[in-house]
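Working notes, structure below.
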Number of protein chains: 2
Amino acid sequence: MSTVKDVAQRAGVSVGTVSKVLSRNPTVKPALRERVMHAVDELGYKPNLAARALRTNKVNVIGLVVPDISNPYFAQLVKCVEAEASKQGHMVMMVNTDDDPAIEITQINALLAQSPHGLIVIGSTERDMEPIKTEVPIVSLDRRFLNYKLISADHVGGSAQVAEHLFHLGHRRIAYISGQLSTEVGRLRKQGFCDRLTALAGRTASLELTSIEGQFDYTSGDEIARRLLSVDADKRPTAIATASDQQAIGVLRAARDLNIDVPQQLSIVGFDDIILAELVVPRLTSVSQNTVEMARLAVHCLLSEAALSPQDHVIDTVLKERGSTAAPCQA
Amino acid sequence: MSTVKDVAQRAGVSVGTVSKVLSRNPTVKPALRERVMHAVDELGYKPNLAARALRTNKVNVIGLVVPDISNPYFAQLVKCVEAEASKQGHMVMMVNTDDDPAIEITQINALLAQSPHGLIVIGSTERDMEPIKTEVPIVSLDRRFLNYKLISADHVGGSAQVAEHLFHLGHRRIAYISGQLSTEVGRLRKQGFCDRLTALAGRTASLELTSIEGQFDYTSGDEIARRLLSVDADKRPTAIATASDQQAIGVLRAARDLNIDVPQQLSIVGFDDIILAELVVPRLTSVSQNTVEMARLAVHCLLSEAALSPQDHVIDTVLKERGSTAAPCQA
DNA sequence: CTGAAAGCGCTTACAG
DNA sequence: CTGAAAGCGCTTACAG
């Protein structure tokens, strides 16, 4: 590999000048700039990023911490983050934490050792711990990490939209399958749903609302749904709202196994609007998050000091009404 | 941040000695080692990786190039690669290429600029181009990139297993939905399936085998299946094999929409055995790849010179027989 | 406007 | 067995 020295020699200038040309320092005369650029091309010079990092103490790398990359929603987020970082000339260094706080902290330290430009954490730990000792800016995305600024969808508002949708369709016996209530997102989604539903019902009709805590995954939705649906038809819920599309797809499968027609006998709503939501049968009504915007903001916060205000950023959601919801049948 | 210099001062030794302790150089006396380690702990010293990289010209980073991280199969591979790299003390720098050869080459160059320890490429480009000009070892994973050594599942063998499975169940009117035949994996899977099936049929019964080229995604499976199934029941295939689980799930959906029972009236087989394969209804018979082993080998090849032999590595597959396949009904 | 020189933090022959 | 010193490739005040 050729170095600035080689380029300088070839162009007949000093290494300082080469460096200035490369950093677009405008105080270099056009003629010299030309000579240098020419030498760069001839030699196929590529700057040594390690040397630059050592000198400037900054590197065009963003660290990304993900609980589970094989979760399709996180995969989508990761894709958006990578795209935005790439657009801003940054590389993404990704680690997986298996949703384990111990691994998370180890991985974050490994990432920080690389002295990245910033860290985006989809959190697994939200305990009220002291912040990490580092100069590197940190922002949490989707799920809060410690007390760092969070960029996330409007979980409360999105769930409230679901509540309105089901209520206005006429459902009154409704079950909600939440995510882990130890997580902020689990609590917010449940709260948004239950609060709005109770508020709506308060001034009209009687409401039977069951809420069961689950995990965000397929199997959890499947298992809980089987329990909820294994009662007489006039007792079981006419609608099940969930905290994730995975859960909802689990519910869909349980309903299928139990010969309960969706949406005729049971309406189902998911959350996240993963790609798969449009590909199951029937297509899943779900709350869509603007992952592109979330990723954009997260990257932006890290790269511009100004944008790293302490307030959280909440991004609006959109309810996608599809085939898995309908008015309850008049049995 | 404290440096080797601070540690040296604190321990009352030279920086060279500190460095030797840190690199477990055995020629350091235990007493000194103790003193140094103590100083390291007291100061919370963390080595500056950029400086180390500059000096040694090696860095504990592996570059990973993925066509589309939101593809669940790739997500699973990425997860395994990250886990293995992490186990070997390496970070993963990941880029997405959107399956676009132009973006792929740009991204690879960006990655190489970081002088990583090695590059794992899930390829989008297999044209016979000259190799990249770099010292960095490169290996292709799952899909070949240029002419670099490939680590992949046994596509031919896996597809042959599917052919045997369907044939032995008694299917004789069979359709195959391939991936893009411009891709090596698309060709190999199709070839493995068709060759074995033809061979089996050759010495027993008449066989009607239709093969249609598709893409590896959900919609492709859905659309092609609709075409294949929109004929009289005694004309349509009793089994459809596909080149990916996504396609198979598309087929499943098409069959559902057309009121064709799976597996009674139609058997379906996927490929890749993504997590979702066990979560659709009925559970999908699919060819399982050993992604853990593939990832392990890929990382291993990059980190040990010895392992980077030029021969490709083909990893055995396992056919997972599930609910989506059965003997054809005796209509 | 350009060059000479210092220095980022580390590792590694080389002396002693 | 330990230390002094050079040097990885770059950037950046500072002189001129």
Side-chain angles (χ1 to χ4, degrees), chain A residues 1-40 43-61 89 110 112-117 134-136, chain B residues 1-40 43-61 89 91 112-117 134-136:
Chain A
M1 271 323 262
S2 48
T3 71
V4 270
K5 211 164 152 190
D6 301 323
V7 175
Q9 202 160 14
R10 182 124 194 165
V13 298
S14 75
V15 294
T17 303
V18 172
S19 180
K20 275 164 202 144
V21 169
L22 260 33
S23 61
R24 313 196 186 298
N25 184 323
T27 70
V28 184
K29 268 199 176 152
L32 267 197
R33 162 181 305 279
E34 274 305 297
R35 283 224 316 270
V36 171
M37 292 310 275
H38 194 234
V40 164
L43 296 171
Y45 168 76
K46 296 273 178 1
N48 179 317
L49 297 188
R52 184 177 285 172
L54 173 58
R55 191 48 230 254
T56 63
N57 210 18
K58 272 287 160 242
V59 88
N60 61 341
V61 167
L112 287 175
Q114 310 281 336
S115 21
H117 212 277
T134 177
E135 300 292 297
V136 175
Chain B
M1 273 322 264
S2 48
T3 70
V4 270
K5 212 165 151 189
D6 301 323
V7 175
Q9 203 160 14
R10 182 121 192 169
V13 299
S14 74
V15 295
T17 304
V18 173
S19 179
K20 275 163 201 145
V21 170
L22 261 31
S23 60
R24 315 197 183 295
N25 184 321
T27 70
V28 184
K29 265 196 178 157
L32 268 197
R33 161 180 305 279
E34 274 304 297
R35 276 212 335 257
V36 171
M37 291 311 274
H38 194 234
V40 165
L43 295 172
Y45 168 77
K46 298 274 178 0
N48 180 317
L49 298 189
R52 184 177 287 172
L54 173 59
R55 192 47 231 256
T56 62
N57 209 19
K58 272 288 161 239
V59 89
N60 61 339
V61 168
M91 309 296 294
L112 288 176
Q114 310 282 337
S115 19
H117 212 271
T134 175
E135 298 294 297
V136 175

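Note: hydrogens, waters and symmetry copies are ignored here, and every other heavy atom, side chains too, is used. Since we're looking at a predicted model, the values are computed, not measured. Convention: sequence-line order gives letters A, B, ...; per-chain numbering from 1.
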Watson-Crick and G-U pairing of DNA chain C, under 3.5 Å, as dot-bracket with | and [ ]: |||.||||||||.|||
Without placing hydrogens or testing angles, list every side-chain donor-acceptor pair under 3.5 Å for residues 6-13 of chain A, not counting sequence neighbours.
from: Asp6(A); atom 1: OD2; to: Thr3(A); atom 2: N; distance (Å): 2.8
from: Arg10(A); atom 1: NE; to: Glu42(A); atom 2: OE1; distance (Å): 2.7
from: Arg10(A); atom 1: NH2; to: Glu42(A); atom 2: OE1; distance (Å): 3.3

Interface residues of residues 48-56 of chain A with DNA chain C (non-hydrogen, below 4.0 angstrom):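 By residue number: Leu54(A), Arg55(A).
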Sub-4.0 Å heavy-atom contacts from residues 8-21 of chain A onto DNA chain C, ordered by number: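 When residues 8-21 of chain A is checked for heavy atoms under 4.0 Å from DNA chain C, the hits, listed by number, are Val13(A), Ser14(A), Thr17(A), Lys20(A).
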Residue pair [X] / [Y]: nearest heavy atoms and the distance that separates them:
{"X": "Ala50(A)", "Y": "Leu54(B)", "answer": "CB-N, 3.9 Å"}
{"X": "Met37(A)", "Y": "Val21(A)", "answer": "SD-CG1, 3.6 Å"}
{"X": "Tyr45(B)", "Y": "Leu22(B)", "answer": "CE2-CD2, 3.4 Å"}
{"X": "Pro116(A)", "Y": "Val59(A)", "answer": "CA-CG1, 3.8 Å"}

Separation between CZ of Arg52(B) and CG of Asn57(B), rounded to the nearest 0.5 Å: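 Reported value, rounded in 0.5 Å steps: 14.5 Å.
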Touch class at under 4.0 angstrom, heavy-atom based, for Leu32(A) against every strand present: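 Leu32(A): backbone/sugar contact only, no base atoms under 4.0 Å.
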Qualifying residues under side chain to side chain donor-acceptor pair (under 3.5 Å), relative to Asn60(A), sequence neighbours excluded: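 Partners of Asn60(A) under the side chain to side chain donor-acceptor pair (under 3.5 Å) test: Gln114(B).
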Those residues that, when tested against Ser14(B), pass side chain to side chain donor-acceptor pair (under 3.5 Å) (two or more places apart):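 In terms of side chain to side chain donor-acceptor pair (under 3.5 Å), with neighbours along the sequence ignored, Ser14(B) is linked to Thr17(B).
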Nucleotide interval of DNA chain C bounded by contacts with chain A (heavy-atom cut-off, under 4.0 Å):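 Listing 5' to 3', DNA chain C meets chain A from dC1(C) to dG9(C).
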Residues that Arg55(B) engages under side chain to side chain contact (heavy atoms under 4.5 Å, CB included), provided they are two or more places apart: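 None.
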Donor-acceptor contacts, no H, no angles, side chain residues 27-34 of chain A, under 3.5 Å, sequence neighbours left out:
from: Thr27(A); atom 1: OG1; to: Asn25(A); atom 2: OD1; distance (Å): 2.9
from: Arg33(A); atom 1: NH2; to: Asn25(A); atom 2: O; distance (Å): 3.4

